[in-house]
Amino acid sequence: MKKKLLTILAFFLAVIHFVPFYVLITTALKERGDFSSKWVLPSDINWENFSEAWEMANLGSALFNTAFITFFAATILIFVGSLAAYPLARKQTKLNKVVYYLFISVMIIPPLAALVPLYQLVVSIGLMNTRTVAILNNVASFLPLTIFLYSGFIRSTIPKSLEEAARIDGASTPGIFFKIVFPLLKPVTASVLIISCVYIWNDFQFAIFFLQDRSVHTMTVALSRFFGENANNLQLVGAASIIAMLPMVVLFLFLQKQFIKGLAAGSVKG
Amino acid sequence: MQKIKTARFKNINDSLWYMYVPALLFIGFFILYPFLNGIRISFTDWDGFSQTYNYVGLDQYTRMLSDNNTWLVLRNTLLYGVGSTVLQNVVGLLYAILLNQSIKFKAITRTIIYLPVIISPLIMGYIWYFFFAYQGGALNDIIMLFGGDPVNLLGNPDANIWIIVFVNTFQFVGVAMIIYLAGLQSISGEYYEAANIDGASSFQQFKKITLPLLMPSITINVVINIIGGLKLFDVIIALTNGGPGMASQSMSTFMYNLYFSRQDAGYAATQGVLMMLVILILSFSALIYFRSKEVEA
């Protein structure tokens with residue numbers, strides 16, 4: 001009896017949490033000028049909203065920019081982050097301890113609080129409105145967390161004996177790192193990939209400052225501009241929102257376990 | 001002497017420092033330099049684009065303290081931070097306890113509750129806008145169906161802050177739920193068996209066993225949520241754009257406006273310093289307070 005009640009409660013929660021998505025779907029599929037209740041499904045589905053939103057909000061170019069920035073930022077992050085973590089985890093010299101704590105303490109600086117000087121810096125090095133600045137900025141902002149995750153993993157799970165054996169065979173340290181250690185880091189690399197892809201794909205705070213030109217808009221910036229211009233055409237905004245969130249939602253539904261594990265590891269960043 | 005020198009040199013080579021130089025460059029250039037430079041700019045009257053500016057000492061700081069907007073925005077930011085933290089933790093813990101039982105639908109319910117975490121907060125804001133909008137919003141559709149008058153919650157300064165807290169909680173309650181679920185699953189069943197033998201009620205068991213042993217999860221959740229809530233930006237832009245007037249501005253949106261709409265970069269940097277202090281003080285106090293409540297399992 002108690003179990004039945006709890007089951008009903010769980011089902012009820014699922015329904016409640018699905019409500020906003022249901023409203024999004026009914027909004028996005030209705031014809032312009034259809035003022036029927038948001039709770040009612042459209043009489044005939046209006047797929048043209050998607051193509052119209054795609055054209056009007058410039059979503060093709062925004063999708064390319066978002067994917068480009070996310071891909072390169074994540075790649076650089078994995079490369080630079082794992083490379084930095086290795087000596088910090090393995091060589092406990094005084095210098096390395098200081099550098100490790102420097103990386104970790106940087107995590108507490110809220111990036112938005114340094115917006116003004118960052119903006120000035122970006123303008124002065126001529127990187128305003130470039131995909132490059134979004135890539136570099138995102139890399140810098142996720143590096144401390146990446147180094148933290150990688151060095152923790154190297155310290156706790158990669159046996160030193162492997163590297164010592166390779167050293168006897170005459171391999172150089174970078175050679176040992178790339179040939180032997182890096183392939184063993186796959187679980188953290190997966191977490192870093194998921195954290196960085198989700199946050200960088202969804203980034204709005206940085207993108208709205210540094211990517212103001214239409215040609216470099218990411219999905220979130222394009223969407224916010226589109227909403228500003230079409231506050232009366234909510235069905236188009238709804239359609240554009242669905243297009244913008246679809247890639248991550250599909251990935252999440254296929255890789256749910258990895259997503260939840262990876263994001264839990266990264267939640268310290270907040 | 002010679003010996004010490006080579007030893008030190010060897011030590012430096014041992015550090016393999018060249019492997020973290022690229023990372024140091026990134027952090028130095030994009031985080032540390034702007035951070036320090038921001039403190040410097042907060043002592044100037046820079047407008048954000050001119051080549052020249054003056055150092056004005058503490059003028060921007062005294063201006064900040066006497067600016068009514070500072071206190072309004074600080075109050076809002078605290079409501080966003082503390083409100084979201086309390087709600088996310090209470091609701092997240094209740095969800096975790098429910099979904100830790102062996103019941104049907106729990107996997108799908110978990111997925112649906114967690115789904116918003118991976119969606120951009122800006123988009124979640126727009127989705128809820130469809131729900132709360134004055135004209136043609138889903139909420140007013142229901143109210144009018146029952147013959148009521150439509151309500152303009154997003155335009156009402158007393159209500160819209162709580163709507164924003166609610167939307168932020170709805171989006172990230174999945175994170176709290178997952179962390180609490182992991183915490184609950186790590187508590188050994190023996191404690192409950194022993195408590196059952198001693199005849200402790202469910203509520204006593206929750207208070208005396210579950211809650212104390214869950215403290216590490218509570219610490220993580222509170223710190224994450226407080227930082228996230230104090231930095232709130234995207235949802236506010238999507239739902240109210242900080243309005244009406246200044247009514248729902250947070251420190252983040254206020255800084256954005258000062259810089260881009262009012263060309264008041266020096267003052268924006270000063271507000272940035274305040275924001276940094278508020279986040280640091282609150283997150284560290286929370287960390288220290290909840291850490292001190294943790295017990296050895």
Side-chain angles (χ1 to χ4, degrees), chain A residues 3 6-7 9-11 13-14 17-18 20 23-24 27 35 37-39 80 83-84 86-88 91 93 95-96 99 106 108-110 112-118 121 136-137 139-140 143 147 173 198 202 204-205 220 224 227 234 237-238 241 244-245 248 252 256 259-260 263-264 267 270, chain B residues 11-12 14-17 19-20 22-23 26-27 30-35 37-38 41 98-99 101 103-106 108-109 111-115 117-120 122-123 126-128 130-131 136 138 141 175 178-179 224 227-228 231 233-234 237 252 255 259 265 268-269 272 275-276 279-280:
Chain A
K3 211 153 247 179
L6 291 177
T7 304
L9 191 60
F11 178 75
L13 279 183
H17 276 258
F18 191 71
V23 171
L24 171 69
T27 306
F35 292 116
S37 164
K38 291 259 188 301
W39 300 95
V80 175
L83 198 62
Y86 179 69
L88 297 177
K91 307 284 177 183
T93 62
L95 175 69
N96 285 4
V99 171
V106 158
I108 58 176
I109 300 178
L112 205 71
L115 165 71
V116 174
L118 192 60
L121 173 76
L136 297 179
N137 218 339
V139 170
L143 251 184
I147 291 173
T173 310
V198 168
N202 290 333
F204 178 61
Q205 303 196 346
T220 48
S224 73
F227 180 79
L234 288 186
V237 179
S241 301
M245 66 192 232
M248 275 301 144
F252 170 69
Q256 222 185 116
F259 262 72
I260 290 177
L263 289 170
S267 54
Chain B
N11 185 294
I12 285 191
D14 261 358
S15 300
L16 300 173
W17 54 270
M19 290 176 84
Y20 50 69
F26 267 106
I27 302 294
F30 285 96
I31 298 180
L32 285 177
Y33 170 70
F35 168 69
N37 203 21
I41 294 175
L98 173 68
L99 297 175
Q101 322 275 333
I103 49 171
K104 276 180 205 164
F105 300 123
K106 75 174 177 184
I108 179 103
T109 306
T111 305
I112 292 176
I113 292 174
Y114 194 82
L115 184 64
V117 175
I118 57 124
I119 295 173
S120 156
L122 184 81
I123 297 179
Y126 289 143
I127 295 176
W128 280 108
F130 303 149
F131 188 87
D141 283 342
V175 175
I178 292 293
I179 292 175
I224 299 171
I227 295 176
K231 287 200 300 200
F233 180 80
D234 310 28
I237 297 285
S252 303
M255 243 167 52
Y259 193 14
M275 179 176 163
M276 195 139 34
I279 293 180
L280 285 185

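Each chain gets a letter, A, B and so on, in the order its sequence line appears, and its residues count up from 1.
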Checklist line | Smallest separation among heavy atoms of B:I123 and A:S241, with atom names | finding: CG2-CB, 3.8 Å

Notebook entry, point to check: Does any heavy atom of chain B fall under 4.5 Å from the side chain of A:T27, the backbone, both, or neither of them?
Noted result: side chain

Next item on the list: Give, as side chain, backbone, both or neither, the part of B:L99 having an atom under 4.5 angstrom from any heavy atom of chain A.
Entry: side chain

Check: Which bit of B:Y259 is near chain A, if near means a heavy-atom gap under 4.5 Å: side chain, backbone, both or neither?
Finding: side chain

Notebook entry, point to check: Which bit of B:I113 comes within less than 4.5 Å of chain A, counting heavy atoms only: side chain, backbone, both or neither?
Noted result: both

Margin query: Are B:I31 and A:L118 packed together at the side-chain level, in the sense that at least one heavy-atom pair is separated by less than 4.5 angstrom?
Written below: no

Next item on the list: Could you tell me which non-hydrogen atom of A:N202 sits nearest to which non-hydrogen atom of A:T220, and how far apart they are?
Entry: O-CG2, 3.5 Å

Notebook entry, point to check: Do you know which of A:L136, A:V23, A:I147 has the most heavy-atom pairs under 4.5 Å to chain B?
Noted result: A:L136

Next item on the list: Using a cut-off of under 4.5 Å on heavy-atom pairs, state which of B:S252, B:A268, B:G272 scores highest against chain A.
Entry: B:G272

Margin query: Once side chain to side chain donor-acceptor pair (under 3.5 Å) is applied, do any residues pair with A:Y86, and if so which ones, sequence neighbours excluded?
Written below: A:E163

Margin query: Is any side-chain heavy atom of A:F11 closer than 4.5 Å to one of B:I108?
Written below: no

Margin query: Students often mix this up, so state it plainly: with edges at 30° and 60°, are the rings of B:F131 and A:W39 parallel, tilted or perpendicular?
Written below: perpendicular

Note to self: When you compare the side chain of B:Y126 with that of A:L234, does any pair of heavy atoms fall below 4.5 Å?
What the structure shows: no

Notebook entry, point to check: Heavy-atom distance under 4.5 Å to chain B: side chain of A:T173, backbone, both or neither?
Noted result: side chain

Note to self: Can you give me the closest heavy-atom contact between B:G136 and A:K38, atom names plus distance?
What the structure shows: O-NZ, 2.8 Å

Item checked: Most chain B-contacting option - heavy-atom pairs closer than 4.5 Å, from A:V116, A:T7, A:L24 -> A:V116

Notebook entry, point to check: What part of B:I119 gets closer than 4.5 Å to chain A, counting heavy atoms only: side chain, backbone, both or neither?
Noted result: both

Checklist line | Side chain / backbone / both / neither for B:L115 at chain A, heavy atoms under 4.5 Å | finding: both

Next item on the list: Determine the option with the most heavy-atom pairs under 4.5 angstrom with chain B, choosing from A:A244, A:A140, A:G238.
Entry: A:A140

Check: For A:Q256, is it the side chain, the backbone, both, or neither that has a heavy atom closer than 4.5 Å to a heavy atom of chain B?
Finding: side chain

Item checked: Region of A:L121 in contact with chain B, defined by heavy-atom distances below 4.5 Å -> side chain

Checklist line | Under the side chain to side chain contact (heavy atoms under 4.5 Å, CB included) test, residues paired with A:A114 that sit two or more places apart | finding: A:P117, B:P34

Notebook entry, point to check: Are B:Y114 and A:F259 close enough that their ring centers fall under 6.0 Å?
Noted result: no

Check: Which region of B:K104, side chain (C-beta onward) or backbone (N, CA, C, O), has a non-hydrogen atom less than 4.5 Å from a non-hydrogen atom of chain A, or is it both or neither?
Finding: both

Notebook entry, point to check: If you count heavy-atom pairs under 4.5 Å between each of A:V99, A:L88, A:N137, A:L9 and chain B, which one has the most?
Noted result: A:V99

Margin query: Working to the nearest 0.5 angstrom, can you tell me the gap between A:K3 NZ and B:Q101 CD?
Written below: 7.5 Å

Notebook entry, point to check: Heavy-atom distance under 4.5 Å to chain B: side chain of A:V237, backbone, both or neither?
Noted result: both

Checklist line | Top contributor to chain A contacts, counting heavy-atom pairs under 4.5 Å, from B:V117, B:I127, B:L32 | finding: B:I127

Check: Out of B:F30, B:Y33, B:F26, which one racks up the most heavy-atom pairs below 4.5 Å with chain A?
Finding: B:F26

